[in-house]
Amino acid sequence: MREIRFYNTLGRKVEPFTPREPGSVGLYTCGPTVYDHAHIGNLRTFVFEDFLRRSLLYLGYRVNHVMNLTDVDDKTIQRSNDAGVELDDYTAPYIESFFEDLDTLHVERAEHYPRATEHVPEMIEMIEHLLERGYAYERDGSVYFRIAADDDYGRLSGIDPSGGQRGERVASDEYEKEDARDFGLWKAAKEGEPSWDSPWGAGRPGWHIECSAMSMKYLGESFDIHCGGVDNMFPHHENEIAQSESATGEEFVHTWLHSEHLMVDGEKMSKSLGNQYTLKELMARGLDPRAVRYVFISSHYRQKLNFTFDSVDAAVSALERVDQMRFRLESAPESGEPSPEIAAAIERLGKDFAAALASDLNASGAMSAVFALVREVNKTIERDALGDGDRNRVIAVLADANRVLGVLDPADWQSSEESSSGLADNEIDQLLVERQEARKNRDFAAADRIRDQLQAEGVVIEDTPQGPRWRRG
RNA sequence: GGCGACGUGGCCAAGUGGUAAGGCGAGGGUCUGCAAAACCCUUAUUCGCCGGUUCGAAUCCGGCCGUCGCCUCCA
């Protein structure tokens with residue numbers, strides 16, 4: 001287990017991370033609101049959280065990861081009403097779509113995916129507690145959190161609660177609030193909306209209470225890390241802190257990590273610009289999901305990520321460099337003592353890779369460590385200096401790094417249709433034998449004919465001093 | 001108006017006090033029957049601009065310019 005340093009939004013500085021229970025991390029990440037397909041901005045955040053989860057595991061921690069599914073809120077209700085279907089029937093396909101997207105990007109599953117609609121009793125219990133302690137009040141069947149009762153409100157986002165719109169009437173259905181800044185914990189049912197029974201009559205939970213109630217249920221009243229996109233810092237996470245700590249009197253979350261937004265072609269994604277892609281749209285355009293994952297994880301999570309098709313192309317090339325090394329390694333001869341250069345490179349990778357992760361998840365640094373190994377292995381192959389066992393040791397250290405990155409092994413990403421199409425391996429081998437024969441006889445026309453044929457089948461031939469080798473392009 | 005982030009080679013991107021990682025691209029080379037593919041090498045005396053602190057700054061402080069985000073439910 002290695003000490004990690006994280007940039008904690010609460011306090012805005014990089015600090016050593018100490019889980020409440022040594023070696024074990026409780027992690028809550030805000031999940032999707034399932035009113036539509038996730039867009040790639042959402043997925044950037046989910047891939048970052050996957051990277052965090054994998055890094056914690058890699059560095060020797062046990063992880064209990066909870067991600068909620070918001071399946072009741074203004075948007076899901078409105079859209080299900082518009083579509084004339086029950087809420088659950090409306091959200092089901094989007095929940096399915098969400099998990100498909102995670103699979104496409106090789107995001108590992110969390111331990112729990114609690115749904116808001118299945119945790120209403122826990123939320124009601126928490127709201128009752130807040131009412132008892134004077135942190136909330138009821139008006140006409142709705143319950144609001146009383147921000148004035150919370151001394152340190154605003155300490156996550158740095159927003160000063162004393163300024164602003166205190167006492168102003170806001171143009172909404174929430175005019176009955178004591179203070180415009182107060183937020184809804186429970187919303188009285190409106191005509192035609194799904195509702196649950198509560199001590200205050202029929203209604204439904206507010207958004208913020210969902211995350212507090214569900215995170216505490218699965219991780220306890222205090223836990224280690226809470227993640228989300230930067231836009232959730234205020235008001236969502238601020239309100240979670242307010243209601244949770246007011247209810248329990250305990251520190252809610254120790255470390256808050258926020259991922260920056262993804263931009264498309266230099267602009268924020270928005271419907272009006274038409275640049276709000278879903279993953280499925282990108283797949284339909286033929287983008288490689290592995291390259292998309294690489295683009296998401298290869299820059300730092302606290303930096304805005306400008307997503308472009310060029311960046312995906314560059315990612316494809318970068319990954320090919322790693323694949324090529326693996327490919328060359330397979331056919332490179334080994335002999336004699338293990339190469340000291342390889343041994344040193346493997347050791348350096350192990351050290352630099354973990355150090356980069358432990359330093360606030362420096363993904364670029366981690367990738368850089370991988371490429372340093374790639375270069376050293378290539379040089380050693382070039383010198384024909386691979387020693388006995390070097391191949392397996394390199395493969396093993398790559399597999400180790402891949403536990404975090406998830407993009408280093410092309411075999412993991414091969415779709416079944418790709419591998420089943422075209423020529424069989426032995427046919428390709430046979431054609432190459434024929435081509436070598438033709439070349440030996442200086443019948444280059446025949447040799448090139450075979451080369452063209454293989455190329456047309458998507459087989460890339462590489463002629464080397466040790467003879468030809470091939471791979472599927 | 002309030003709060004905050006960012007500005008590093010052609011592009012992307014690490015690095016936050018000790019003298020610029022890495023990837024893409026480009027140029028050169030090796031290999032080859034020719035190619036292709038691949039590999040190797042090279043590619044920022046300099047980190048938006050101007051001052052300051054320091055033995056030393058891309059890194060700290062001040063000012064300016066520029067880009068962007070949040071300010072009630074958008075990851």
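Convention: sequence-line order gives letters A, B, ...; per-chain numbering from 1. Any value given below was found using the heavy atoms of this structure, including those in side chains, with hydrogens, waters and symmetry copies removed.
- How far CZ of A:Phe6 is from CG of A:Leu52: 5.0 Å, rounded to the nearest 0.5 Å.
- As the counterpart of B:U67, B:A5 is assigned, both hydrogen-bonding distances of the Watson-Crick or G-U wobble pattern falling under 3.5 Å.
- Atom P of B:C34 sits at a distance of 48 Å from the matching atom of B:G48, rounded to the whole Å.
- A:Lys13 has no side-chain polar atom (N or O) that falls below the 4.0 Å cut-off from OP1 or OP2 of B:U16.
- Among the nucleotides B:G23, B:A37, B:U32, the one closest to the side chain of A:Val460 is B:A37.
- Each of A:His300 and A:Ser317 was assigned the nucleotide of RNA chain B with the nearest heavy atom; the assignment lying further toward the 5' end belongs to A:His300.
- Spacing of C1' atoms, B:A75 relative to B:A37, comes out at 41 Å, to the nearest Å.
- With contacts defined as side-chain heavy-atom distances shorter than 4.5 Å, the pair A:Tyr35/A:Ser80 does not qualify.
- Remark: aromatic rings of A:Tyr277 and A:Phe307 are distant, center separation not under 6.0 Å.
- In terms of phosphate contacts, A:Lys304 brings no side-chain nitrogen or oxygen within less than 4.0 Å of OP1 or OP2 of B:U67.
- To the nearest angstrom, P of B:A75 lies 19 Å from OH of A:Tyr277.
- The side chain of A:Arg439 lies closest to B:G33, out of B:G33, B:A35, B:A38.
- Using N1 to N3 plus N6-O4 or O6-N4 for Watson-Crick, or N1-O2 and O6-N3 for G-U wobble, each under 3.5 Å, B:G56 pairs with nothing.
- No hydrogens or angles were tested; on distance alone, a donor-acceptor pair under 3.5 Å links the side chain of A:Asp448 to the base of B:G33.
- For the pair A:Arg375 and B:G22, the criterion of a side-chain N or O lying under 4.0 Å from OP1 or OP2 is met.
- Within 6.0 Å of atom CD in A:Glu281, more than 12 heavy atoms from other residues, nucleotides or ligands are found, so the atom counts as buried in its surroundings.
- At the heavy-atom level, A:Met269 lies under 4.0 Å from base atoms of the strands shown.
- B:U16 makes up no base pair with any nucleotide shown, lacking Watson-Crick or G-U wobble contacts both under 3.5 Å.
- Between A:Arg469 and B:C31 there is no side-chain polar atom (N or O) within less than 4.0 angstrom of OP1 or OP2.
- Comparing B:C40, B:G23, B:U72 by their nearest atom to the side chain of A:Arg181 picks out B:U72.
- Atom C1' of B:U59 sits at a distance of 14 Å from the matching atom of B:U53, rounded to the whole Å.
- For the pair A:Met263 CE and B:C11 P, the interatomic distance rounds to 17 Å; values are reported in whole Å.
- Using N1 to N3 plus N6-O4 or O6-N4 for Watson-Crick, or N1-O2 and O6-N3 for G-U wobble, each under 3.5 Å, B:A38 pairs with B:U30.
- In this structure, A:Leu43 reaches neither bases nor backbone, as no heavy-atom distance under 4.0 Å exists between it and the strands shown.
- Of the candidates B:C40, B:C73, B:C74, B:C74 carries the atom nearest the A:Lys75 side chain, counting heavy atoms from C-beta on.
- Straight-line distance from the CG atom of A:Leu262 to the P atom of B:C12: 15 Å, rounded to whole Å.
- Side-chain atoms of A:Asn378 and base atoms of B:A38 include no donor and acceptor less than 3.5 Å apart.
- Only the P atoms considered, B:G10 is 13 Å distant from B:C49, to the nearest whole Å.
- Going from atom CG of A:Asp74 over to atom P of B:C73 covers 9 Å, rounded to whole Å.
- Contacts of A:His261 with the nucleic acid, taken as non-hydrogen atoms under 4.0 Å apart, include base atoms.
- A:Gln324 comes within 4.0 angstrom of sugar-phosphate atoms only, judged by non-hydrogen atoms across all strands, and of no base.
- Within the 4.5 Å cutoff, no side-chain heavy atoms of A:Gln455 are placed close to those of A:Val460.
- OP1 or OP2 of B:C12 has not a single side-chain nitrogen or oxygen of A:Ser298 nearer than 4.0 Å.
- Using a distance-only test at 3.5 Å, with no hydrogens or angles considered, no donor-acceptor pair links the side chain of A:Thr9 to the main chain of A:Arg12.
- Side chains of A:Tyr7 and A:Leu257 form no contact here, defined as non-hydrogen atoms less than 4.5 Å apart.
- B:G25 is paired with B:U43 under the criterion used here, namely a Watson-Crick or G-U wobble arrangement in which both key atom distances are under 3.5 Å.
- Here the nucleotide nearest the side chain of A:Gln303, chosen from B:C24, B:A21, B:C6, is B:C6.
- Taking atom CZ of A:Phe309 as the reference point, atom C1' of B:C12 lies 17 Å away to the nearest angstrom.
- Looking at the side chain of A:Pro235, the nearest of the listed nucleotides B:U72, B:A75, B:C34 is B:U72.
- If you take atom P in B:C50 and the same atom in B:C65, they sit 15 Å apart, rounded to whole Å.
- Here, B:G69 and B:A26 have their C1' atoms 35 Å apart, quoted to the whole Å.
- Taking the side chain as every heavy atom from C-beta outward, A:Ser195 and A:Lys187 never approach each other to under 4.5 Å.
- For the C1' atoms, the distance linking B:G62 with B:G25 amounts to 39 Å, nearest Å.
- In this structure, the nucleotide among B:C24, B:G15, B:G22 sitting nearest to the side chain of A:Asn362 is B:G15.
- For B:G23 and B:U43, the P atoms lie 14 Å apart once the distance is rounded to whole Å.
- Toward the 5′ end of RNA chain B lies the nearest nucleotide of A:Ala315, the other residue of the pair A:Ala315 and A:Glu382 mapping further downstream.
- One atom, CZ of A:Arg435, and another, P of B:C34, lie 13 Å apart when rounded to the nearest Å.
- For A:Ser364 against B:A13, no side-chain N or O and base N or O form a donor-acceptor pair under 3.5 Å.
- When the P atom of B:C39 is taken as reference, atom CD of A:Glu320 falls 9 Å away, rounded to whole Å.
- Neither OP1 nor OP2 of B:C74 sits under 4.0 Å from any side-chain N or O of A:Asn42.
- Side-chain atoms of A:His226 and A:Thr29 form no donor-acceptor pair, as typed in the model, at a separation below 3.5 Å.
- Side-chain atoms of A:Arg451 and base atoms of B:C34 include a donor and an acceptor less than 3.5 Å apart.
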A:Arg391/A:Glu334 under salt bridge (Lys or Arg N to Asp or Glu O under 4.0 Å): CA gap, chis, key distance, verdict: CA-CA 8 Å; A:Arg391 173 164 44 237; A:Glu334 287 184 331; 3.7 Å; yes
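- Across all strands, A:Ser259 comes closer than 4.0 Å to no nucleic acid atom at all (heavy-atom distances).
- Atoms CG (A:Asn239) and P (B:C74) sit 13 Å apart, rounded to a whole Å.
- Once the 5.5 Å centre distance and the 30° plane angle are applied, the aromatic ring of A:Phe444 is found stacked with the base of B:G33.
- Nucleic acid contact for A:Gly41: base, since at least one base atom lies under 4.0 Å from a heavy atom of the residue.
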